[in-house]
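Taking it in order: structure first as structure tokens, then the write-up.
For ligands, and for the atoms within them, numbers begin at 1 and follow the listed sequence. Sequence positions, counted from 1, serve as the residue numbers for this chain. All values derive from a computational prediction rather than experimental measurement.
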Amino acid sequence: MLKGKNIILGVTGSISVYKAVDFASKLVQAGAVVDVVMTKAATEFVKPISFSSLTQRPVSTEMFPDKIDYDIAHISLSDRADLIVICPATANTIAKLANGIADDMLSSTVLATEAPVIIAPAMNYRMYRNEVTQQNIDKLKGRGFTFIGPATGRLASGAVGKGRLVDIKDVMGAAKQVLGRGGDLAGKKVVVTAGGTQEPIDPVRRVSNRSSGKMGYAIAEAARDRGASVVLVSAPTSLSAPYGVELVSIQTASQMHDAVVKAVDGCDVLIMAAAVADYRPKNIADSKIKKSADSLSIEMEKTTDILSDVSASVKIGFAAESDDLESNAQQKLAKKNLDFIVANDITTAGSGFDVDTNEVIIIDKSGQKTKLPLMPKIDVAHKILDRVAALVSKPTT
Ligand code: CTP
């Protein structure tokens, strides 16, 4: 996503500048070519060398430096930019951009660019909620600038309010989403399910399974990066939702069913990566079940099979099996009327629950099988979406 992309990182004078150093590092690790432009105020907090040693490129701080590496620096920088991210952005810089002021290297570069611009504000909460700041933000949003945050929390002054820089992982997410806008799933609505549903027995206990949700979350993230609008229907997991994805949190199979029925309305693709309970306790005890008898039986009833019950233009299922992988997967593919199924053998090392890798076979409805080697779940997600993109781009007959 970010490999080879020219990204200008604008850094302005906020105490949270140190987080921008981490952001620059993450962008470089992801393969981006990062040119940092700092305002004078930013250099009061962090020296340019912190950035240049990470990016291996000169940092611009002056409009008219003594030694110039290229002609009319702000024009050449803005010309080759695929994306500008201002992180952190002060109220002052936001005000300048909203009003077309170009009195330093960063504001001139933004004024001269046609690249998309993401702004991650960080400031005192009173400055943020000031009407003039809000008007400036609205103006820039109206001109197509993307704002991310600020978050609410403890500010440098010790006060608690809205003004904190958002998590860098979310700024990364926003950068990928903006760069992916024209991707092969642009304009498509993709519904992804993830995690293992939890079926209550009493107010304390529940029946669940070992699904971590990692595969579904990776698919949601990858679909976002390819331009899709994504709804992620998730059972409880320890993961945080990828930035820019609409999260619908549920607990039980029945809640997942209802959430999927609602989400698939107008969707192009449904990908069921969740491990949905097949049975749930028939009666949920109102009070905690006490330890008295020597044994305990819980009567279970079948849940609704979501994939069989809902329709979508493209339906993808998963099959995690311990035996007869291919024949079980093929039966599910046919029974649930899927376009293809992603099957994995949970007994294979590095594949299955709570790991970051997976080894899968994709079987489509024509019976064609594609065996993929062990790879990170995010790469498996993209392989799945390569197939999905081919299906959704097919003209309808
Ligand atoms: N699935 C579903 N609704 C359910 C159970 C499963 O939509 N109530 C979906 C899963 O999300 C997965 C596919 O169906 O995409 C296969 O799930 P799996 O549990 O492997 O298959 P089952 O049909 O439940 O069969 P079994 O548990 O007997 O293997």
Task: Any pair counted as salt bridge (charged side-chain N to carboxylate O under 4.0 Å, His left out), so long as it reaches residues 342-354, sequence neighbours left out - done: K214-D354
Open item on the list: When you measure from the heavy atoms of A274 to every atom of ligand 1, does any distance fall below 4.0 Å?
Closed with: yes
Task: E221/K176 salt bridge by N-O under 4.0 Å criterion - done: yes
Open item on the list: With a heavy-atom distance limit of 4.0 Å, tell me whether T193 approaches ligand 1 through its side chain, its backbone, both, or neither.
Closed with: neither
Open item on the list: Out of the candidates R387, K365, K315, only one should pair with D339 under the salt bridge (charged side-chain N to carboxylate O under 4.0 Å, His left out) rule; please name it.
Closed with: K365
Open item on the list: Using a 4.0 Å cut-off to any heavy atom of G317, which atoms of ligand 1 qualify?
Closed with: 15 (O)
- [ ] Taking only Lys NZ, Arg NE, NH1 and NH2, and the carboxylate oxygens of Asp or Glu, determine whether R205 and D202 approach each other closer than 4.0 Å.
- [x] yes
TODO: Inspect the contact between D138 and R143 and indicate whether a charged nitrogen and a carboxylate oxygen are less than 4.0 angstrom apart.
DONE: no
Task: Basic-acidic side-chain contact under 4.0 Å: K282, E199 - done: no
Open item on the list: Out of E321, K336, M272, K332, who is nearest to atom 29 (O) of ligand 1 when you count heavy atoms only?
Closed with: K332
Task: Among L338, V342, D278, closest by any non-hydrogen atom to atom 5 (C) of ligand 1 - done: D278
TODO: Please name all residues satisfying side chain to side chain donor-acceptor pair (under 3.5 Å) with S107, sequence neighbours left out, ordered by chain then number.
DONE: D104
Task: Selection from T303, I306, L270 by shortest heavy-atom distance to atom 3 (N) of ligand 1 - done: I306
Task: Element-labelled atoms of ligand 1 that are located less than 4.0 Å from some non-hydrogen atom of L307 - done: 2 (C), 7 (O), 9 (C), 13 (C), 14 (O), 15 (O)
Open item on the list: Just to confirm my output: which protein heavy-atom neighbour is closest to atom 8 (N) of ligand 1, and how far is it?
Closed with: T304 O, 3.0 Å
- [ ] Specify the protein heavy atom at minimum distance from atom 16 (C) of ligand 1: its residue, its atom name, and the distance to 0.1 Å.
- [x] F318 O, 2.9 Å
